[in-house]
Number of protein chains: 4
Amino acid sequence: MKRNKPKYKQIVDAAVTVIAENGYHQSQVSKIAKQAGVADGTIYLYFENKEDILISVFQEKMGLFIEKMEEAIQTKATASEKLFVLIENHFNILSHDRHLAIVTQLELRQSNKELRKRINEVLKDYLRLIDHIICHGQEKKEFASHLNVRLVRQMIFGTMDETVTTWVMNEQKYDLVSLAPQVHELLLQGCKQQ
Amino acid sequence: MKRNKPKYKQIVDAAVTVIAENGYHQSQVSKIAKQAGVADGTIYLYFENKEDILISVFQEKMGLFIEKMEEAIQTKATASEKLFVLIENHFNILSHDRHLAIVTQLELRQSNKELRKRINEVLKDYLRLIDHIICHGQEKKEFASHLNVRLVRQMIFGTMDETVTTWVMNEQKYDLVSLAPQVHELLLQGCKQQ
Amino acid sequence: MKRNKPKYKQIVDAAVTVIAENGYHQSQVSKIAKQAGVADGTIYLYFENKEDILISVFQEKMGLFIEKMEEAIQTKATASEKLFVLIENHFNILSHDRHLAIVTQLELRQSNKELRKRINEVLKDYLRLIDHIICHGQEKKEFASHLNVRLVRQMIFGTMDETVTTWVMNEQKYDLVSLAPQVHELLLQGCKQQ
Amino acid sequence: MKRNKPKYKQIVDAAVTVIAENGYHQSQVSKIAKQAGVADGTIYLYFENKEDILISVFQEKMGLFIEKMEEAIQTKATASEKLFVLIENHFNILSHDRHLAIVTQLELRQSNKELRKRINEVLKDYLRLIDHIICHGQEKKEFASHLNVRLVRQMIFGTMDETVTTWVMNEQKYDLVSLAPQVHELLLQGCKQQ
DNA sequence: AATGAATGAGCTTTCATTCAT
DNA sequence: CATGAATGAAAGCTCATTCAT
């Protein structure tokens, strides 16, 4: 399996660095190859084409992201706590990997429709995770059960995403993680049983 | 003033159509010119360069968007009602101009950092409008006054934005406007005085 | 006759100014029109095309140049004196019209083959004038009569031209006219009866 | 080193041919690439941009020119003989490479100010060579020592240059090299100790 | 006679991808 | 497996010229 070979990971990591530092449109394959310390042609032994590198970046990083998130959420019992962990981890991970934050919030969105569709495929796993929290909350009567799950999820994800994007656009000048409690309070108000 | 000449509007409208149908990266200047029924060179009598077309598209459309929105909001007295009108109009306008919806939710985000900064300048007017509603609500004691205005705004905008994007990504298969009441309820819960 | 209309002269003068200030390749028709205070289209009522403007510039300026030169030369009796007047006037005229100097020594030489051929047509009158001085000198036994007239003329013109070009390339930092006596001495040595 | 790779030379030679046959302004990069038998993009592996091709043409050819010239001059003892060898070789080299003659006398002069400055840098080595002959002549009392070296050099270079240009403009109809003795006589008269 | 908005052909350069070594 | 030289398609922009007013 190519995904486990060292050069595969080298290239993915190089891609994150290059894209974060140069922006999507200035991230030529040759630049990624140079950063990864391999020849241009070598890239094509591990990836179909340039788009495939980008999708792989997202899959790899998002895979880890979701994995960590699932573990963290399982440690909590109530939906409210799970939601808090979700928000805090979401902010925390992106706060501690600024390259990744730039790439996910800004650069990857510059890709074309086709690529974005495939990125959304990966994202679905994350959205499903949020859905689980919401359903759990509704079952346990913590959250109002008449609420449309998709809308609640869009509120949760949209709010977190917008918050991170604003933070990135402001050049990460303030502390993102410390916003978690307030965001949690806001979102919880929106969901909870009145 | 170039902005009032008929060809200017022709080109802006052509750009929206072409970008929505072909995607940002497949929207060559020549394609936009053809759609507008003018020569390629004519584009450059009205716009600095290709990027300028995109910014102008956003400025023109967003200008109308905000204008309509301000009028609609003024007709309502309470912050809750204002919020409802905001959501409903946001969904309504994009629902009725599907090309515009595609362009704002997907294609314009593919632009580079510089362009996105300029787009954000325009967007700021809209965000400010949301801020006004929130402050008004806090003054009138409808909304909890301890809430951070920026975070609330990010929740409101993020939720609406994510909802529209999901709808566009789902190829606009369901009715967006009918989601307004539920989104309003969700967001209101988040803001209001408990 | 178009050549006597005021706009014709306006445009020719504008062309000299624009070319000297912006260089040949940055002298668009529209720029010349603006400088002349006429509309772009008006240019084409007086000139066939852009090339025609350039040729006319050269014809007009060279015509005056030759006229002045002929007058000045006629005032002198010996070939040696005539040669001195030629050199001094050549340097003097270009010294006092730096725009013209730039245009003739640098910018007009950037034109294409066809245009340069037509410029050479105009130049021929000047070269003929030099030939007359040489023949006169040979007839009067001032100059060695075995010398090939064309070669002598090439020496005279080539030396003057190279001297002016060097001066222009050096940004006209020194006094060109004061070089006339030495250049005269040099050239005279080359021609004269030993 | 790129300069020693075969494709580099291929492209430089192709450029000389294409420019001589089509003129500077009709020498598109694609035409040069085709003549060189390489892809358009390959040009940019060896040259910065189109201008760089032209400068390289001049550097390569002028380098050889000066090299040959230096060798030839060293074989002669007196300044008069050195001057003769200079003239004869100058005419000889350009006589035997008519494409090069067209390019140096006509086409390269069509370049813009910046390019011409860089061409002049290369030319300086040649002018310095002429200066050496003059100084040598003055030291050995062959040439009049009161003469300004720069002016003498301008006479020598200007005369040769004008002679070659006239020959090229006359479509190389007569034998250039056979003019060398007369040109030498003329120039020598100008320089020598009276 | 004069205008100036409109035209559209034309060209340099980039960069993802290939393939001989 | 790995290389990197070579490829060539693709597109934004300029500007001389026209022509309806």
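In what follows, every chain begins at residue 1, and chains take the letters A, B, ... in the order their sequences are listed. Everything quoted here is computed from the prediction, not taken from an experiment.
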For this session: Using the side-chain contact (heavy atoms from CB on, under 4.5 Å) rule, take B:E21 and B:I102 through it: C-alpha gap first, then chi angles, then the decisive distance, then the call.
Result: CA-CA 9 Å; B:E21 286 177 353; B:I102 293 171; over 6 Å; no
Exercise. Looking at residues at least two apart in the chain, or sitting in another chain, which of them share a salt bridge (charged side-chain N to carboxylate O under 4.0 Å, His left out) with B:E121?
Worked result: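 Expected list: B:K124.
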For this session: Report the residues that fulfil salt bridge (charged side-chain N to carboxylate O under 4.0 Å, His left out) with C:D125, sequence neighbours left out, ordered by chain and then residue number.
Result: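 Partners of C:D125 by the salt bridge (charged side-chain N to carboxylate O under 4.0 Å, His left out) criterion, ordered by chain and then number, come out as C:R128.
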Distance-only donor-acceptor pairs under 3.5 Å for side chains of residues 50-57 of chain D, two or more places apart:
unit_1: D:K50; atom_1: NZ; unit_2: D:S27; atom_2: O; d: 3.1
unit_1: D:E51; atom_1: OE2; unit_2: D:N112; atom_2: ND2; d: 3.1
unit_1: D:D52; atom_1: OD2; unit_2: D:E48; atom_2: N; d: 2.8
unit_1: D:S56; atom_1: OG; unit_2: D:D52; atom_2: O; d: 2.6

Exercise. A:Y44 or D:N49: which one's nearest nucleotide on DNA chain E is closer to the 5' end?
Worked result: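 Counting from the 5' end, the first nearest nucleotide belongs to D:N49.
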Exercise. Which comes earlier along DNA chain F counting from the 5' end, the contact point of A:L45 or that of C:D40, where each point is its nearest nucleotide?
Worked result: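 Closest to the 5' end, via its nearest nucleotide, is A:L45.
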For this session: Please work out which residues in residues 26-39 of chain C have a non-hydrogen atom less than 4.0 Å from an atom of DNA chain E and list them by number.
Result: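 Here the set is C:V38, C:A39.
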Exercise. Under a 4.0 Å heavy-atom cut-off, which of residues 8-21 of chain D touch DNA chain E?
Worked result: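 Within this stretch, nothing sits under 4.0 Å of the strand.
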For this session: Name the first nucleotide and the last nucleotide along DNA chain F (5' to 3') that come under 4.0 Å of a heavy atom in chain C.
Result: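 Extent of the interface on DNA chain F: F:dC15 to F:dT18.
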Problem set entry | Stepwise side-chain contact (heavy atoms from CB on, under 4.5 Å) check, A:Q105 with A:L94 | CA-CA 10 Å; A:Q105 303 306 121; A:L94 292 172; 3.9 Å; yes
Please tabulate, one pair per line, all N/O donor-acceptor pairs under 3.5 Å involving side-chain atoms of residues 29-40 of chain A, not counting sequence neighbours.
unit_1: A:K31; atom_1: NZ; unit_2: A:Q26; atom_2: O; d: 2.8

For this session: Kindly check if the number of other-residue, nucleotide or ligand heavy atoms within 6.0 Å of CZ (D:R109) is above 12?
Result: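 Counting other residues, nucleotides and ligands, CZ of D:R109 exceeds 12 neighbours.
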For this session: Within residues 50-61 of chain A, find the residues that approach DNA chain F with a heavy atom at under 4.0 Å, and present them sorted by residue number.
Result: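 Heavy-atom cutoff 4.0 Å gives no residues at all.
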For this session: Name all residues meeting the ring pair (Phe, Tyr, Trp, His ring centres under 6.0 Å) criterion together with D:Y8; count only those two or more places apart in sequence or in a different chain, and write none if there are none.
Result: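 Partners of D:Y8 under the ring pair (Phe, Tyr, Trp, His ring centres under 6.0 Å) test: D:F47.
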For this session: Can you sort out the partners of D:H99 under ring pair (Phe, Tyr, Trp, His ring centres under 6.0 Å), two or more places apart, ordered by chain and number?
Result: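 Ring pair (Phe, Tyr, Trp, His ring centres under 6.0 Å) list for D:H99, sorted by chain: empty.
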For this session: Scan A:Y46 against the nucleic acid and name what it touches under 4.0 Å (heavy atoms): base, sugar-phosphate only, or nothing.
Result: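 Since only primed, P, OP1 and OP2 atoms lie under 4.0 Å of A:Y46, the category is sugar-phosphate.
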Exercise. Do you know which of B:T104, B:D13, B:D97 makes side-chain hydrogen bond (donor to acceptor under 3.5 Å, both in side chains) with B:K61?
Worked result: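 Result: among B:T104, B:D13, B:D97, B:D13 is the only option passing the side-chain hydrogen bond (donor to acceptor under 3.5 Å, both in side chains) with B:K61.
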Exercise. Taking it one step at a time, do C:V168 and C:T165 satisfy side-chain contact (heavy atoms from CB on, under 4.5 Å)?
Worked result: CA-CA 5 Å; C:V168 172; C:T165 297; 5.7 Å; no
Problem set entry | Canonical and wobble pairing (Watson-Crick, G-U, under 3.5 Å) of DNA chain F, dot-bracket with | | .||||||||||||||||||||
Problem set entry | Contacts of A:V122 that satisfy side-chain contact (heavy atoms from CB on, under 4.5 Å) - sequence neighbours left out |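 Partners of A:V122 under the side-chain contact (heavy atoms from CB on, under 4.5 Å) test: A:F58, A:Q59, A:M62.
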